[in-house]
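Input: a single structure, listed below in structure tokens.
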Amino acid sequence: MSEANASQSFIVALHDIAPATWPDYRPFVERMDALGQVRMSWLVVPDFHHRSATFDDPAFLALLERRLELGDELVLHGFYHCDEGPAPKNLRDYLMRRFYTVEGEFYALEEDQARARIEQGLELFARRGWPLHGFVAPAWLMSPGTRKALAQLPLRYTSDPGHLIDLPSFTAHRVPTLVWSARARWRRAMSLVVNECSRHRYRRLETFRLGLHPIDMRFDASREYWYRCIERLLGQGYRAETKRDWFERSERSNPRSSPLRPQ
């Protein structure tokens, strides 16, 4: 991979942030802090699987506030991060909700259900005085009702695996993601091949994302891949930025688009 030009960047997105997942992430975050150049987007789950209430844990809240002080970004990432909807009714839904993931919380929600959960998250961020600009659905899966709800809420962006998406217009900007599937040995082997091929394809893009998950930190192959990938990108001259950074930079270069709205 050749040296990056001055405008090229990457975004590190830490998915599934909650007290229960912090032990997985801690060594990774400490290593990134040692590099001193890696601003990250932390995708915060208010009540992970109904068993890890982020906003009831004072020590963890203090940690997240420290990340804000360091220049990281906090993003609302669903509410429970588990799919409790009715059983899938067709093959496509079965594949998306049972094979691709079992955590597609917003895949089947009606508009009022999606709105209620997102508004709960907005309120929790507001009580802490935390800036909030983005919502990312677990596994990037959003029902039509979720999209309708997002179009009416005070958020700047959402995303899917291939795009950062303006709200409320849902204008999609190609910013693709490297992501591992680490649940099984064969998935990890395939992820290594797919990610290296994708990284080569993305080398001419202005920005791409690295989508990390707690399970990635539990296996040598995936954990070490992320370390090497980030260190390589920094060595090649890429800048690490948050999703919010990307939208602010995009707004400066294209003032006709909607500005970041204050929370």
Side-chain angles (χ1 to χ4, degrees), residues 3-17 25 28-29 31-44 63-77 121-122 125-126 128-137 140 150 153-179 198-199 202-213 226 229-263:
E3 294 297 307
N5 64 49
S7 67
Q8 287 184 290
S9 66
F10 65 97
I11 295 169
V12 176
L14 305 181
H15 288 239
D16 310 352
I17 294 294
Y25 274 128
F28 173 84
V29 171
R31 187 157 171 175
M32 293 302 101
D33 286 349
L35 292 174
Q37 307 172 61
V38 185
R39 292 159 62 99
M40 296 176 282
S41 293
W42 294 54
L43 277 58
V44 177
L63 183 151
L64 294 178
E65 288 180 352
R66 175 60 177 157
R67 299 318 303 186
L68 286 172
E69 293 170 1
L70 292 171
D72 287 352
E73 173 192 22
L74 304 182
V75 182
L76 179 60
H77 188 38
L122 289 168
F125 271 70
R128 302 297 307 182
W130 292 350
L132 177 59
H133 303 283
F135 169 83
V136 177
W140 295 290
L150 284 173
L153 291 168
L155 288 161
R156 177 63 174 89
Y157 74 83
T158 186
S159 64
D160 65 22
H163 307 87
L164 294 177
I165 301 170
D166 276 299
L167 295 174
S169 67
F170 279 89
T171 302
H173 308 273
R174 186 174 181 239
V175 184
T177 307
L178 301 183
V179 63
S198 296
R199 189 173 63 86
Y202 301 160
R203 71 191 185 281
R204 301 192 189 281
L205 295 179
E206 181 181 272
T207 307
F208 60 93
R209 292 177 283 157
L210 314 181
L212 282 65
H213 291 81
W226 289 128
C229 181
I230 291 168
E231 290 169 353
R232 184 184 298 124
L233 290 170
L234 291 172
Q236 291 167 342
Y238 282 80
R239 293 175 295 103
E241 63 179 351
T242 67
K243 294 183 180 185
R244 184 187 178 201
D245 292 336
W246 187 92
F247 277 99
E248 289 184 330
R249 183 163 56 82
S250 176
E251 165 59 18
R252 288 194 297 271
S253 63
N254 181 18
R256 294 173 297 175
S257 64
S258 300
L260 279 164
R261 289 169 291 196
Q263 303 299 309

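Quantities reported herein were computed from a predicted structural model and do not represent experimental measurements.
With hydrogens and angles left out, the side-chain atoms of D166 and S169 include no donor and acceptor closer than 3.5 Å. No donor-acceptor contact under 3.5 angstrom links the side chains of R174 and H163, judged on distance only. Between the side chains of D72 and W42, a donor-acceptor pair is found at a separation under 3.5 Å. Side-chain polar atoms of S41 and T242 form no donor-acceptor pair below 3.5 angstrom.
Contact check for V38 versus M40: side-chain heavy atoms found under the 4.5 Å cut-off. Between W226 and R31 there is no side-chain heavy-atom pair separated by less than 4.5 Å. Between D160 and I165, some side-chain heavy-atom pair lies under the 4.5 Å cut-off.
Judged as a salt bridge (charged side-chain N to carboxylate O under 4.0 Å, His left out), not a single pair has a partner in residues 4-13 (not counting sequence neighbours).
The main-chain N or O of K243 is never found under 3.5 Å from a side-chain atom of Y157 such that the two would form a donor-acceptor pair. Within the 3.5 Å criterion, the main-chain N or O of R239 finds no donor-acceptor partner in the side chain of Q8.
Every residue was checked against the ring pair (Phe, Tyr, Trp, His ring centres under 6.0 Å) condition with F10, not counting sequence neighbours, and none meets it.
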Exercise for the section: Determine, step by step, whether H15 and W140 satisfy the ring-ring contact (aromatic ring centres under 6.0 Å, His included) criterion, reporting the C-alpha distance in whole Å, the side-chain angles of both residues, the deciding distance to 0.1 Å, and the verdict. Expected result: CA-CA 11 Å; H15 288 239; W140 295 290; 5.1 Å; yes
Handout entry: L14 and V29: CA distance, side-chain angles, deciding distance, side-chain contact (heavy atoms from CB on, under 4.5 Å) verdict
Key = CA-CA 10 Å; L14 305 181; V29 171; 4.1 Å; yes
Practice task
Please assess L205 against R203 for the test side-chain contact (heavy atoms from CB on, under 4.5 Å), listing each intermediate value before the final yes or no.
Solution key: CA-CA 6 Å; L205 295 179; R203 71 191 185 281; over 6 Å; no
Handout entry: Candidate pair L150 and F135, rule side-chain contact (heavy atoms from CB on, under 4.5 Å), full reasoning
Key = CA-CA 9 Å; L150 284 173; F135 169 83; 3.8 Å; yes
Handout entry: From CA spacing to verdict: side-chain contact (heavy atoms from CB on, under 4.5 Å), E231, L35
Key = CA-CA 8 Å; E231 290 169 353; L35 292 174; 4.0 Å; yes
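Between the CG atom in L210 and the CD1 atom in I230 there is a gap of 5.5 Å [rounded to 0.5 Å]. Taking CZ of R244 as the reference point, atom CZ of R249 lies at 14.5 Å (rounded to 0.5 Å). The distance from atom CG of L63 to atom CD1 of I17, rounded to the nearest 0.5 Å, is 9.0 Å. If you take CZ on R199 and CG on L233, they are separated by 6.5 Å, rounding to the nearest 0.5 Å.
Classified by interplanar angle (parallel below 30°, tilted 30° to 60°, perpendicular above 60°), the ring pair Y238/F208 is perpendicular.
Shown here for A13 and L43, the closest heavy-atom pair between the two residues is CB-CD1, 4.1 Å. When every heavy atom of L155 is checked against every heavy atom of L132, the shortest pair comes out as CD2-CG, 3.9 Å. The minimum heavy-atom distance linking L164 with S159 is given by the pair CD2-CB, 3.9 Å. Of all heavy-atom pairs spanning G211 and T177, the tightest one is N-CG2, 3.6 Å. Contact between A240 and Q37 at its shortest, heavy atoms only, is CB-O, 3.4 Å. Nearest heavy-atom pair, T207 versus S9, reported as atom, atom and distance to 0.1 Å: OG1-OG, 2.9 Å.
Using a 4.0 Å cut-off between charged side-chain N and carboxylate O, R128 and E65 make a salt bridge. A salt bridge does not link R209 with E241: none of the charged nitrogens is closer than 4.0 Å to a carboxylate oxygen.
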